[in-house]
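Everything on this sheet refers to the single structure shown next.
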Amino acid sequence: MTMRVLVAGMLLLGIASLRAEAACLSTGQSTSILVTGEVIKPTVFDQTGLQQFSPAQENVTYFAAGSVVTNAYTGALLWDVLNSPPAGPIITNANIKNDILNKIIIVTGCDGYQSVFGAGEVDPFFGDNQIMLAYAVNGQSLGSEGLAQIVAPGDKAGGRFVFIIDKIEVKDAGQ
Ligand SMILES: Nc1nc2c(c(=O)[nH]1)N[C@H]1C(S)=C(S)[C@@H](COP(=O)(O)O)O[C@H]1N2
Ligand SMILES: [Mo]
């Protein structure tokens, strides 16, 4: 009983501190990103944390509000962040055929803007789309656009390039 109370207390504390660390600043910016949901270990990443993954470099051209934008981005691949320690891998059930294909990745910005990705889209064995969490653009950190933004190479318009990322949550699509 005492043990159960202790464990429940530790869980509550853990959840509370994760929330606090990932909360967006009152300025609407964010210096950390919470990776949570169906991953082995919900984790808060700061810039140093994202730089632990081998850096990806991508030159991308897309339409933003009718204008053509070309930028060089540096960041961590979304797949690496979700599928290697400390947060990953994504939790899957070996008894369900290709269970990874049931998983959805919800990216939320501090302004509430959201875009969803499919795990199968980024899994190197399936879509192998090099979607990344970019922490630098043209050699500079993102400034008012937060710690990191999504870069989806191949997208024609910039709508899925969620910036000021607050949270990335993995969920099962369900039946
Ligand atoms: N958090 C957040 N991210 C966002 C948006 C937004 O409103 N909020 N708009 C999206 C849209 S519609 C576009 S076209 C691109 C524009 O990004 P840019 O102005 O940095 O090129 O950001 C995307 N990411
Ligand atoms: Mo847009």
Side-chain angles (χ1 to χ4, degrees), residues 15-39 42-83 86-88 90 103-123 126-173:
I15 288 162
S17 64
L18 272 181
R19 282 228 178 101
E21 280 180 80
C24 296
L25 307 175
S26 54
T27 55
Q29 287 161 274
S30 140
T31 53
S32 63
I33 295 171
L34 172 64
V35 172
T36 190
E38 295 196 7
V39 288
T43 304
V44 174
F45 289 92
D46 60 9
Q47 177 129 14
T48 317
L50 287 182
Q51 286 171 342
Q52 302 302 308
F53 301 97
S54 59
Q57 309 262 1
E58 286 161 13
N59 296 321
V60 175
T61 298
Y62 61 95
F63 281 99
S67 324
V68 179
V69 181
T70 299
N71 282 325
Y73 293 99
T74 309
L77 290 178
L78 181 58
W79 180 255
D80 289 350
V81 174
L82 296 176
N83 276 277
I90 292 173
K103 306 301 173 185
I104 54 175
I105 303 162
I106 306 165
V107 181
T108 308
C110 285
D111 55 354
Y113 189 86
Q114 283 186 318
S115 183
V116 163
F117 300 87
E121 187 181 355
V122 284
D123 184 333
F126 294 101
D128 196 25
N129 191 334
Q130 306 287 296
I131 292 173
M132 80 171 163
L133 283 174
Y135 43 74
V137 55
N138 303 322
Q140 309 280 316
S141 60
L142 301 181
S144 63
E145 297 193 345
L147 167 63
Q149 70 165 97
I150 294 285
V151 171
D155 278 23
K156 290 182 180 149
R160 299 202 297 172
F161 290 36
V162 182
F163 50 76
I164 337 172
I165 301 173
D166 174 38
K167 188 168 80 167
I168 299 175
E169 187 168 20
V170 179
K171 284 191 176 171
D172 195 280

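Whatever order the structure lists ligands and atoms in, that order sets their numbers, starting from 1. Start at 1 with the first residue, then count along the sequence.
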Within this structure, what is the [atom1]-[atom2] distance for the pair [X] and [Y], rounded to the nearest 0.5 Å?
X	Y	atom1	atom2	answer
D80	Q130	CG	CD	8.5 Å
L77	N129	CG	CG	10.0 Å
K103	I90	NZ	CD1	8.5 Å

Looking at [atom], what's its closest protein heavy atom, distance included?
atom	result
atom 20 (O) of ligand 1	E145 OE2, 3.4 Å
atom 8 (N) of ligand 1	D111 OD2, 2.7 Å
atom 19 (O) of ligand 1	A64 CB, 4.5 Å
atom 10 (C) of ligand 1	Y113 OH, 3.4 Å
atom 15 (C) of ligand 1	G158 O, 3.3 Å
atom 24 (N) of ligand 1	F161 O, 2.9 Å
atom 18 (P) of ligand 1	Y62 OH, 3.8 Å

Shortest non-hydrogen contact from I33 toward I165: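 In this case the closest contact between I33 and I165 is CG1-O, 3.6 Å.
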Audit row: F117, I150, side chain to side chain contact (heavy atoms under 4.5 Å, CB included) steps and yes/no: CA-CA 11 Å; F117 300 87; I150 294 285; 3.7 Å; yes
Side chain to side chain contact (heavy atoms under 4.5 Å, CB included) evaluation trace for L78 with M132: CA-CA 5 Å; L78 181 58; M132 80 171 163; over 6 Å; no
Validation row: P153, Y73 side chains within 4.5 angstrom (heavy atoms):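 They are not in contact (no side-chain heavy atoms under 4.5 Å apart), so the answer is no.
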Location of contacts on F163 toward ligand 1, heavy atoms closer than 4.0 Å: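 Looking at F163 and ligand 1, atoms from backbone and side chain both fall under 4.0 Å.
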Heteroatom distance test (G109, ligand 1): nitrogen or oxygen, under 3.5 angstrom: no
